[in-house]
Participant: 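Quick one: the structure is below, and I'll ask about it shortly.
By convention in this document, chain letters (A, B, ...) are assigned in the order of the sequence lines, proteins followed by strands, and residues within each chain are numbered from 1.
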There are 2 protein chains.
Amino acid sequence: MTQTEPDIKIRILLAAKRLFAQQGYDGTSCRQVCEAAGANIALISYHFGGKEGVYKAVVEHFFPIKELKSVNFADLDPIEGIRLLVSRIIQVTHRDRELSFIIQQEMLLRSPRRQTVMNVLVEVWSQVRSLLLRGKEEGVFTFDSSTNALVMVMGVALSHKHMVNFEDVFADEKIGVESIAAEAVRFILLGLGVKEA
Amino acid sequence: MTQTEPDIKIRILLAAKRLFAQQGYDGTSCRQVCEAAGANIALISYHFGGKEGVYKAVVEHFFPIKELKSVNFADLDPIEGIRLLVSRIIQVTHRDRELSFIIQQEMLLRSPRRQTVMNVLVEVWSQVRSLLLRGKEEGVFTFDSSTNALVMVMGVALSHKHMVNFEDVFADEKIGVESIAAEAVRFILLGLGVKEA
DNA sequence: GTCTATAGCTGGATAGAC
DNA sequence: GTCTATCCAGCTATAGAC
C-alpha cells in the first residue's frame, strides 16, 4: 500500500458499500464495483473469494459493533438506557447511511445474506428488548407485546433514512441529526407511555 | 380464460409479486416468474412489454388505492383521522404483505422503479401529512419537523412487517392484526403528544 | 498481488411458426 | 395468444502470465 491512496481492499469495500446501498446486491455487478474502485475484477476472487465474500466483508468491516456495545446498558435506568441507545443508533445510521441502507434492504429479503446481517443486528436489538422488558416490569413503560414494541421502536429509530424521499416531495428544510435524534427519542418514550419525556 | 384457472396475465402478476417480495426485483428472473406462473417466457414481452412492465403492473394492479382514498380525511378531526388512516394502512399492508415488501424495498433504492412506487404512495402520505399539520395547528399534536414526524409515523405503521424477523429470534407468541394496529395507533398518538390516547 | 483472457452460464428479449 | 428456438449482452469466476 502507498501512503496517499487507501489500500486496494478497502477501496473495493468502499465502492461496494456505496453501490450495494444505491442499487442493491443483485443490482450491482462485480465489474461495476471494481470499476468504481479502480481495481481489476480478478481481485474480488483473490481477496474476498467472490461477490458474497465482498458483501460479508462490507457488513463486518463497517458495522460499528464496538460503538454500540461500549456502554453496559444493563446497569442503566430503562428510560436513560433507551434514550442513550436510540440516540446512538440514530447517530450511527446517520453517519454511515450506506451501510444502514444495505442492512435494511437485506432485512426485507429472504437471501443467503440475511444471516450475516442478523448476526450483527441481534446484539443491538437484544439490548433494546431487555430495556423494554425491564421498563415494563418497573412500571415505567406500557405495552402489550414486547416484540411489537421492539419493532415500533426500531421503526422510529430508523425512520430518518426515509426523509430524503420526502424532502424531494414536500421540499421543506433539512434538519440536523441532533434534532432528529431528540425528536425520535421523545416520540419513542411518549409512545411507550412515559409521561413528560 | 377458463372458469377454474385465473387468467394467465393475473397468474404472472401473482407469481411476480411473490418472487419480487422474497428475492427482490433484480434477484428474480423472468424465467423464474414464468415457471412459477405456469406460463411461457415470451408472454412477458407480449403482455407487459418486458420485465419493468411486469413490475409496474404488479404495483398498479394490487395497490389498494381505492380503499385508502375512500374516506375524506380532510373532514375528520386530526386524532380520529390519524387513528383511522393508520389502522387502514396497517390492515392493508398486513393483508398483502408481499406488495408492501416490494414497495419498501424500492423505497430504499435508487432505481427506475422508484417513480412508479412514489406515484401511488404520495397520495397516501400527503393525507397523513395534512392531518399532522392540521393537528399541530389545532394544538393537539406536538412536533418540530413535519417531515420527521411523517416518517416516524410511517415507521411505526410499517414496523409490523419486521416482526417475522424477531419471532424467529425471540420466539414469542404471534399476535393478530387488530392488536398490532391498536398498539401502533396508541404508540403514534402518544408519540405525537396526545394525552390519554 | 495484480493483470489479461476466457470459460461457462444465465439474463432479457424477440422472430417467426402455429 | 401462445409456443419454440435463438440471439447476444452481461454475469461470476478462474487459469495462467507477469
Participant: Round to the nearest Å and state the distance from Asp7(B) atom CG to dT2(D) atom C1'.
Facilitator: 13 Å
Participant: When clusters are formed by joining ILVMFWY residues with side-chain heavy atoms under 4.5 Å apart, either directly or through shared neighbours, do Phe62(A) and Ile65(A) land in the same one?
Facilitator: yes
Participant: How many angstroms lie between CG in Leu108(B) and CD1 in Ile103(B), if you round to the nearest 0.5 Å?
Facilitator: 12.5 Å
Participant: Is the Lys NZ or Arg CZ of Lys17(A) less than 6.0 Å from the centre of Tyr55(A)'s six-membered ring, within 45° of the axis?
Facilitator: no
Participant: Would you kindly give the CD-to-P distance between Glu35(A) and dG10(D), to the nearest whole Å?
Facilitator: 12 Å
Participant: Write down the distance between CD (Gln23(A)) and C1' (dC11(D)), rounded to a whole number of angstrom.
Facilitator: 14 Å
Participant: Give the B/S/- string for nucleotides 4-18 of chain C, one per nucleotide from 5' to 3', where a protein heavy atom under 4.0 Å of the base yields B, of only the sugar-phosphate yields S, and otherwise -.
Facilitator: B------BBBB----
Participant: Using whole Å, report how far CD1 of Ile12(B) lies from C1' of dT2(D).
Facilitator: 11 Å
Participant: Between Phe48(B) and Ile12(B), is a side chain to side chain contact (heavy atoms under 4.5 Å, CB included) present by the stated rule, with each step listed?
Facilitator: CA-CA 10 Å; Phe48(B) 303 101; Ile12(B) 290 173; 3.9 Å; yes
Participant: State, yes or no, whether a side-chain contact exists between Ser100(B) and Leu158(B) at a heavy-atom distance under 4.5 Å.
Facilitator: no
Participant: I'd like to know if Glu98(B) pairs up with Lys161(B) as an ion pair, taking the criterion as any Lys NZ or Arg NE/NH1/NH2 lying under 4.0 Å from an Asp or Glu carboxylate oxygen.
Facilitator: no
